[in-house]
Amino acid sequence: MYIHVLGSAAGGGFPQWNCNCANCAGLRNGSISAQARTQSSIAISSDGENWVLFNTSPDIRAQLAAFPPLQPARNLRDTGITAIILMDSQIDHTTGMLMLREGCPHNVYCSDMVMEDLSTGFPLFEMLKHWNGGLNHHPIQLNKDDYSEAGSFSIPGIDKLRFHAVPIKSKAPPYSPHRHDSHVGDTIAMCIEDEVSGKTLFYAPGLGDPEPHIIALMEEADCLLVDGTFWREDEMAFSGVGTKLAADMGHLPQSGDAGMISLLRDMQKPRKVLIHINNTNPILVEDSSERAKLDQEGIEVAFDGMDIEL
């Protein structure tokens, strides 16, 4: 299984266009040791030729240009994108679909709740119908009454990989009618299994409330790509850029007795990588004490262009 990180930042990227927090200003003026990042998305393949995109960020055009395998140039019009999986209906994970309109119809896999949001509150799918019908929708089947039951599927053209979608408790987008009334399928995590090697990746860029069955899946994975949005619960206020808590936005911060570091500490099997990192997070600064803490804990920080092979 080949995993390529197209974008590793949270919504807004790093630096965020309108932000002058210590991180964003420091990156622009060269006073901190850090690297720019685009908004979160990954690509996965079993053969290096046919790829599944997980989310389509607003930065998708630049991300595709930076990763040549996604433009194999076998025909006059071509792409290495075989399918797209949407983990949720957040603006920063779906708006890139508009940038991909010339390639419609795309094979898009998502939950019923994501389909509903992207057909009503943010009618992206309705808009895209004007380009060759827009998309071929493949529902990810989930039990609407059960967060613990996974939906398993394969994707034609993506050989030897099996996808297991697991609903997680997080937050629907601000525009969603059930932003404050969680539904099964608002957000999913994904276990991707290589049926030849038996290796698995657990991917969850949004992970607000990991339940015991989610923790069990994480413990058994060979690699984790998980929510690295915030260092602290009150980070927005601490940075002077907002008032919402990490929990309000459906994210588990790294620090604290019940934070991501504590959660990952006793997991011996998986490689541990944080992704979806907010522009305010001090772990973006490579020589920060927070980054040193992650190093001590054996936790990596994803970056744009990172490659992982399982």
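Hydrogens, waters and symmetry mates play no part in the numbers below; they use all other heavy atoms, side chains included. The structure presented is a predicted model; accordingly, all values stated were derived computationally and were not measured.
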Legend entry - Among N278, T280, T229, the one residue meeting side-chain hydrogen bond (donor to acceptor under 3.5 Å, both in side chains) with E235: T280
Inset, instruction - Assign the ring pair Y175 / F122 to parallel, tilted or perpendicular, where the plane angle (0 to 90°) is split at 30° and 60°. - result: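 Ring orientation of Y175 relative to F122: perpendicular.
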Inset, instruction - Could you check whether the rings of H4 and F67 sit parallel, tilted or perpendicular, using 30° and 60° as the cut-offs? - result: parallel
Beyond-backbone contact of [X] with [Y], side-chain heavy atoms, under 4.5 angstrom:
X    : Y    : value
E233 : P253 : yes
N132 : H106 : no
F163 : I158 : yes
S111 : E116 : no
I261 : K293 : yes

For residues [X] and [Y], report the shortest heavy-atom separation together with the two atoms involved.
X    : Y    : result
D248 : K171 : O-CE, 3.5 Å
T200 : E220 : OG1-O, 3.9 Å
D304 : S8   : OD1-OG, 2.7 Å
S41  : F54  : OG-O, 3.1 Å

Inset, instruction - Check whether more than 12 heavy atoms from other residues, nucleotides or ligands sit under 6.0 Å from atom CZ of R77, and answer yes or no. - result: no
Legend entry - Exceeds 12 heavy-atom contacts within 6.0 angstrom, atom CZ of R265: yes
Inset, instruction - Take E300 and R271 through the test salt bridge (charged side-chain N to carboxylate O under 4.0 Å, His left out) and record every step on the way to the result. - result: CA-CA 8 Å; E300 301 173 61; R271 178 178 176 182; 2.7 Å; yes
Inset, instruction - Apply ring-ring contact (aromatic ring centres under 6.0 Å, His included) to the pair H93 and H276, showing each step before the final yes or no. - result: CA-CA 11 Å; H93 289 163; H276 196 271; 5.4 Å; yes
Inset, instruction - Applying side chain to side chain contact (heavy atoms under 4.5 Å, CB included) between P15 and each of N20, N23, L27, report the one that passes. - result: L27
Inset, instruction - Taking the six-membered ring of F238 (Phe, Tyr or Trp), confirm whether the NZ or CZ of R232 is under 6.0 Å from its centre and within 45° of its axis. - result: yes
Inset, instruction - Please determine if E219 and K269 form a salt bridge, counting it only when a charged side-chain N lies under 4.0 Å from a carboxylate O. - result: no
